There are 2 protein chains.
Amino acid sequence: MSDAYYLRLTDHLRELLSGPEAFEEGRLPAERTLAERFRTTRVTLRQALAQLEGEGLIHRSNRRGWFVSPARLDYDPTRDAGFNDYVRAQGRRPRTEVLHTDTRPHRPAAEALGLPVDCSFHHIRRRRFVDDRAVLAESLWVVPARAPDLLQGDFAANSLWGELRSRWGLTLAHRSLRLYSEALAEREAAELGVAPGTAGLSVRRAIFDAQRRPVEYDEEHWLHDALCITVELENKA
Amino acid sequence: MSDAYYLRLTDHLRELLSGPEAFEEGRLPAERTLAERFRTTRVTLRQALAQLEGEGLIHRSNRRGWFVSPARLDYDPTRDAGFNDYVRAQGRRPRTEVLHTDTRPHRPAAEALGLPVDCSFHHIRRRRFVDDRAVLAESLWVVPARAPDLLQGDFAANSLWGELRSRWGLTLAHRSLRLYSEALAEREAAELGVAPGTAGLSVRRAIFDAQRRPVEYDEEHWLHDALCITVELENKA
DNA sequence: GTCAAAGTCTGGTCTATACCAGTTTGGCTT
DNA sequence: AAGCCAAACTGGTATAGACCAGACTTTGAC
C-alpha cells in the first residue's frame with residue numbers, strides 16, 4: 001500500500017476485483033457512483049481506474065462503462081493454428097467479421113516482403129472477437145501470384161493459412177516477426193470500440209514459402225490486455 | 001486531426017518532435033511552460049503528453065521532466081546473443097548494474113522449470129541501460145546443479161549464456177517464452193526511475209538443456225517504449 | 001406492434017487552482 | 001576548493017465544478 005490516495009484506492013479496488021463477489025455481471029458501477037462511495041473526485045478515481053487498466057484487470061468500452069477484463073488469451077504468433085482453433089481450445093468463443101477486401105498496392109507490405117512498392121496485394125481487413133469482445137483488428141496482404149482467387153473464399157470461417165495450404169499447396173517456411181506496444185490509432189480504436197490512444201500491441205509478420213518466395217504480410221492490432229504471447233522453441237542458436 | 005483539443009495538441013507536438021529542430025537536448029520544456037504556450041491547463045496538456053508517451057515518442061523521468069524517446073531497441077528473446085552485443089550492434093551504448101545476488105528458493109522459477117517449490121536457485125538481479133537510460137530490470141534464477149559457482153563470475157561484463165556454455169558446457173536447447181504488457185510495480189519502477197504504473201513489457205523465459213534438464217528461469221521488465229521484439233523463424237509447423 | 005423522438009445514463013474533455021515531493025541549482029560557509 | 005543547505009524548479013496528486021457526445025431506455029405517436 002502506498003501513500004498517494006489514488007494508489008490506495010487502486011489497491012482497494014484490486015481487492016474487490018479479486019474477491020469472491022467482484023462486481024455483478026463483470027461491470028463496474030459508474031465513475032460518479034464510485035467517486036462518491038470513496039469520497040473523492042472523478043479525476044482521482046479515474047487515475048486509479050487507469051492504473052488498473054494498465055495492469056489489464058479492467059477495460060472500458062467507449063462511453064459505455066468499465067468492465068472486468070477476462071483472462072488473457074494465450075497466443076503463439078509463430079504457429080499457424082487458426083484463430084478460431086486456439087480460442088476454442090482455451091474454452092472461449094471466437095468470432096470474426098470481415099470489414100473490407102480489395103486488391104491494391106500497399107507500401108509497407110511490399111517493403112516487408114522485398115517486392116516493388118507498386119505491386120498489388122489481395123487485402124483482407126477483419127475484426128476478431130473473443131466472447132463477444134472485439135480484441136483484434138488486422139489486415140492481411142497476400143501476394144496474388146501465390147493465391148490467385150483468394151478473395152472468393154470465406155475468410156471468416158476458415159483459417160487463411162489452412163486455405164493457403166490446401167488450395168494452393170503452399171508451405172510457410174520462413175517468417176519474420178516484429179512486435180511492439182503502441183497506442184491504437186483512431187481507425188483501430190473505432191473498430192474495437194475503444195477510445196483512441198488506448199494501449200495496444202502490434203504484431204507484424206512477413207511470411208515466405210519453402211522456395212523463399214514472398215507469400216503474405218500481415219499487421220495485427222490487439223488490445224494490450226487481451227493477450228499473452230507464448231512461444232515454445234526447440235534447439236535454436 | 002481530431003475534434004478534442006488535447007488530440008490536436010498531440011498532433012501539434014508530434015509534428016514538433018518529428019521536425020528538424022525537435023527540442024534541444026532531447027528535453028521538453030516544463031509542463032507549465034508548454035501549457036501557457038498552448039493556452040491551456042496542465043491537466044489538458046498532460047493528456048496530450050500521456051498520449052505521446054503511449055505512442056513511445058516521449059517518456060518521463062520521475063519528477064525530472066519529459067524527454068524525447070530514442071529509437072526502440074531491436075531485441076530477439078529467442079536468441080542467446082548477450083545484451084551488450086546486440087545493443088552495441090545497433091550503435092548504442094550498453095551498461096549493466098548488478099543490484100543483488102543470493103541463493104534462495106523462488107516459487108515462480110520452480111514452477112516454470114517443473115521443480116519442487118522449495119529448491120534453491122542462484123539469483124541475480126540487475127538493471128540494464130541503453131545510452132544511460134535504464135530500460136530493463138531483470139532477475140535470473142539459475143539451477144545450482146547446472147552452474148555451481150556461478151555467483152563468483154562477473155555478470156556485468158560477460159554474457160550469462162556465454163558463461164553457461166564455456167564454463168559448464170551447457171547447450172540451451174528448449175525454451176518457453178511468455179510475453180505480455182504490464183504496469184510496472186513499485187520495485188521495478190523505482191529501479192528504472194519512473195513512476196509506478198508506467199507501462200512496461202514483461203518477458204519470462206524458462207530454459208532447458210539438451211537433456212531437457214531445467215537450467216534457468218528469468219523475468220525481464222522493460223519500459224514499453226524501449227524495445228521492439230523481432231523474431232526470425234525457419235520452418236516451423 | 002413498430003419505430004422514432006425524447007430523455008437519461010455513461011464516460012470524455014476541460015477550466016482553474018492548490019499544495020506536495022523529489023531534483024537540481026547556486027550561493028554561502030567553512 | 002569542497003561541501004552543505006536553502007531556494008527554485010520539476011512533475012505528482014488532489015479538489016470542485018462544468019459541459020459535451022455517444023449509448024441506452026423509455027415513451028408516445030402512428
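Here is how names work: the chains are called A, B, and so on, in the same order as the sequence lines, proteins then strands, and each is numbered from 1. Model, not experiment: these values are computed from the prediction. Keep in mind that the numbers below use all heavy atoms, side chains included, and drop hydrogens, waters and symmetry copies.
For B:L45 and C:dA16, the CG to P distance is 14 Å, given to the nearest whole Å. For the pair B:F38 CZ and C:dT15 P, the interatomic distance rounds to 14 Å; values are reported in whole Å.
Residues A:L113 and A:W141 form no side-chain contact, since every pair of their non-hydrogen atoms from C-beta on lies 4.5 Å or further apart. Annotation: side chain of B:S181 is in contact with side chain of A:R72 (closest heavy-atom distance under 4.5 Å). Looking at heavy atoms from C-beta onward, A:F83 lies out of side-chain contact with A:L160 at the 4.5 angstrom threshold. In this structure, the side chains of A:E111 and A:Y217 stay at 4.5 Å or more apart for every pair of heavy atoms.
For the residue pair A:H123 and A:S139, a side-chain donor N or O sits within less than 3.5 Å of a side-chain acceptor on the partner.
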Original post:
How does protein reach along nucleotides 8-17 of chain D, written 5' to 3' as B (base within reach of a heavy atom under 4.0 Å), S (only sugar-phosphate), or - (no contact)?
Top reply: --BBBBSBB-
